[in-house]
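To start, the structure under review is shown below, and the notes come after it.
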Amino acid sequence: MKSIKQIVAILVLLISSVTFAQVKFEAKVSKTKLGINERLRVDFEMNKDGDNFNPPSFSNFNVVGGPNQSVSKSWVNGVSQFSKTYSYFLAPKSQGTFTLSQATIEIGGEVYKTSPVKITVTSAVSKPRDGNNADYVASENIHLVAEVSKANPYLNEAITVVYKLYVSPNTGVSNWREIDNPKYSDFWSQNIDIKGLQVKNGTYKGEDYRYVELRKTVLYPQKTGKLKIEPLSLDITVDVPTNRRDIFGGRLMTQVHKTVSAGERTINVKQLPEAGRPDDFTGAVGDYDFKVITSKTELKASESLNLNVEVSGNGNLKLFELPKVNLPSSLEVYEPEHSENVRTNLGGMQGRVSDSYTVVPQFKGKYPIPSISFSYFDLKTESYKRISSEEIVVDVTQGPNNTVAETHPSAINDGKQPVVLNKDHFAFIKTKTDLEPAEKSYFFKSKLFWTSLLVPFLMIPLALVFRRQKAVRDADVTGNRIRKADKLAKKYLGAAKKALGQKEAFYVALEKALHNYLKAKLNIETGDLSKDKIQALLQDKGVEQSVILQFTSILESCELARYTPSTKVTMQQDYDKAASAISLIDKQIR
């Protein structure tokens, strides 16, 4: 009887050891049926560590998150348990029934595959109202709002649109990226630079919220009537509290992906009033000052003066024409040089615009510059206003007399006037000379002569030393390979290094450098390649899996980091990782 018990115990131990030794690799989905406005989570789990993981092609879905990798080890009744998971978050592209194909991984020299999973995508579903549902909690606690300063402006009146992301105190945002950017086809627009995102406290629908101003834009409507501002849409990773708590009593968080939109806004633009509109009105709207000044009022004939026509103030400074000057014909006037000193903030355009004319009088006399008028629409009084300059008299004290001007003193540039020639206007310019140096110098026995003679002899020992060092360096095969790889990394990452500190420009340059490196090294076009295909190509070339994952993770960082807050320290870390990845790949590639 005792021997039977011993045999049974041994069999149980053998069966349990075989069970624990079995390799498990399976795909788990958060749901098999979802609406097109929902997100799907896919976990690829294994109970032993493996290499060369290849996910299936998510051709019918957009990957909005992942791959995220997690590893856990534990001991249960003296037995070690291991678990490793690759997680993806997917957004369906269309309705229908789709199959997630097999994922593969290599464990212990053998290739394991997951079973295909069928997913049904239905039409959009209404929000669940379960307070324990993470998607519902996220949708109720995250809001993207477009705040418009004025919904019924005049034509060419400045309005501002500020996009704010409101987050309730009990949730958080880990990451976001822009999906749809608003277009302002019927507006003159300019984005206001935001230097660092600042979290502020505020209220949304009467409740306390934190918010971040993601984008600020100044708009000047260019048409009347109802104009639409397209919505801004974001894909956001939201941290939602769960009912589970850690050992210290703190709530554990879970992450969900949500798409939020600021919604379309309609602006009703009013036409400027017809009553009282001046004939010389060119579209200036705002609050302005106007002046006409000259650099001098007394000069000689053939000397020049500058005549400046300047408008300054607050309004649509770049969107109207300055008044033209009308001068006597005896004053030669050149095309004006236009200059702008305008800054744009949430109050609209502020600064000045001017036209600078160069004026050259040809004859002696006094020349009046008549008064010039400037008209604009004043938003404060909702009426048209006119500003006129004073008449300026230019006194030309010396020069030839203008008989035509004396006969017709009021002649202006509207008609052609005879030109009175003066034989002293231009002097003959010599084009050839017979100049000789006062002191002549000779090359023979000069300092340059002796230097040129001795330098070649002094270079011989230096050349011998350089040749010996080059031979030693050429013999260092490993060192040369490392130096070549590091040099290649610096070559491709040069543009990214110059853009350090400028977030968007840096990550665009970094992503371009990584793709250009693959093009040059693998002789391929990377435009249509996904991360999975890039991984497969690098595996075929003998690159280690850890290096491949480092390379693809940097590519993913380039895509996401342009839409997330990043410091110069983070950019430097990403730059160092990219340089290390390129160097390692170049050393390992076959």
Side-chain angles (χ1 to χ4, degrees), residues 277-284 286 288-313 315-342 349 351-376 384-433:
R277 177 180 295 188
D279 294 335
D280 59 351
F281 177 71
T282 59
Y288 297 111
D289 288 325
F290 175 69
K291 61 183 178 181
V292 178
I293 57 175
T294 58
S295 59
K296 58 181 79 171
T297 56
E298 184 176 320
L299 71 163
K300 300 176 183 178
S302 75
E303 290 183 347
S304 65
L305 63 89
N306 289 327
L307 174 66
N308 285 318
V309 179
E310 180 181 296
V311 173
S312 60
N316 59 333
L317 285 163
K318 297 182 179 181
L319 304 176
F320 60 83
E321 293 183 0
L322 292 172
K324 303 298 182 183
V325 299
N326 199 7
L327 302 180
S329 60
S330 297
L331 298 177
E332 186 177 356
V333 184
Y334 293 88
E335 286 295 320
E337 180 180 347
H338 185 76
S339 65
E340 297 178 352
N341 183 11
V342 179
M349 299 186 210
R352 64 173 180 82
V353 292
S354 64
D355 282 343
S356 179
Y357 296 84
T358 298
V359 181
V360 181
Q362 299 297 316
F363 307 102
K364 179 181 178 181
K366 294 181 181 289
Y367 299 93
I369 298 177
S371 174
I372 303 174
S373 296
F374 170 70
S375 301
Y376 68 96
Y384 293 97
K385 290 188 176 180
R386 178 188 296 275
I387 305 176
S388 298
S389 66
E390 299 289 336
E391 182 183 86
I392 301 173
V393 178
V394 176
D395 186 9
V396 182
T397 58
Q398 297 180 25
N401 292 321
N402 184 1
T403 57
V404 176
E406 291 173 359
T407 306
H408 305 282
S410 61
I412 56 175
N413 278 332
D414 292 341
K416 296 182 179 179
Q417 299 291 342
V419 177
V420 179
L421 298 178
N422 187 340
K423 64 181 181 179
D424 297 328
H425 274 191
F426 297 99
F428 176 73
I429 300 174
K430 293 183 178 181
T431 58
K432 294 183 180 180
T433 61

Separation between OG of S371 and CD of E390, rounded to the nearest 0.5 Å: 7.0 Å
Indicate the atoms forming the closest heavy-atom contact of E303 with P361, along with that distance. O-CD, 3.1 Å
I would like to know whether L327 and I369 meet side chain to side chain contact (heavy atoms under 4.5 Å, CB included); could you show each step before the answer? CA-CA 6 Å; L327 302 180; I369 298 177; 3.6 Å; yes
So, S389 side chain and I372 main chain: donor-acceptor pair closer than 3.5 Å or not? yes
Please check: side-chain N/O of D355 versus main-chain N/O of V325, any donor-acceptor pairing under 3.5 Å? no
Taking all heavy atoms of I293 and all of I392, pick out the closest pair and write down the distance. CA-CD1, 4.5 Å
Supply the atom-to-atom distance E310 CD to F374 CZ, rounded to the nearest 0.5 angstrom. 11.5 Å
V311 versus Y288, closest heavy-atom pair with distance: CG1-CD2, 3.7 Å
How about F290 and R386: do any of their side-chain heavy atoms sit closer than 4.5 Å? no
Please report the shortest heavy-atom distance between P323 and V309, naming the atom on each side. O-CG1, 4.1 Å
Report the C-alpha separation of Y367 and V396 in whole Å, then their side-chain angles, then the decisive distance to 0.1 Å, and conclude whether the side chain to side chain contact (heavy atoms under 4.5 Å, CB included) test is met. CA-CA 8 Å; Y367 299 93; V396 182; 3.7 Å; yes
Rounding to 0.5 Å, atoms CZ (R352) and CG (D289) come to a distance of 13.0 Å
Exercise: identify the closest heavy-atom pair between S304 and T358: CB-CG2, 4.2 Å
Which pair of heavy atoms, one from G283 and one from F320, lies closest together, and at what distance? C-CB, 4.0 Å
Distance-only polar pair, side chains of S356 and N306, donor-acceptor under 3.5 Å: no
As an exercise, state the distance from OG of S295 to CG of N308, rounded to the nearest 0.5 Å. 8.0 Å
N/O donor-acceptor pair under 3.5 Å between T282 side chain and E321 backbone: yes
Heavy-atom side-chain contact between T294 and V359 under 4.5 Å: no
Assess whether atom CD of E337 is packed by more than 12 heavy atoms of other residues, nucleotides or ligands within 6.0 Å. no
Flag if over 12 foreign heavy atoms under 6.0 Å of CD, E340: yes
For K300, does the NZ atom sit with more than 12 other heavy atoms under 6.0 Å from it, leaving out its own atoms? no
Return the set of residues passing salt bridge (Lys or Arg N to Asp or Glu O under 4.0 Å) with K366 (not counting sequence neighbours), or none when no residue passes. D395
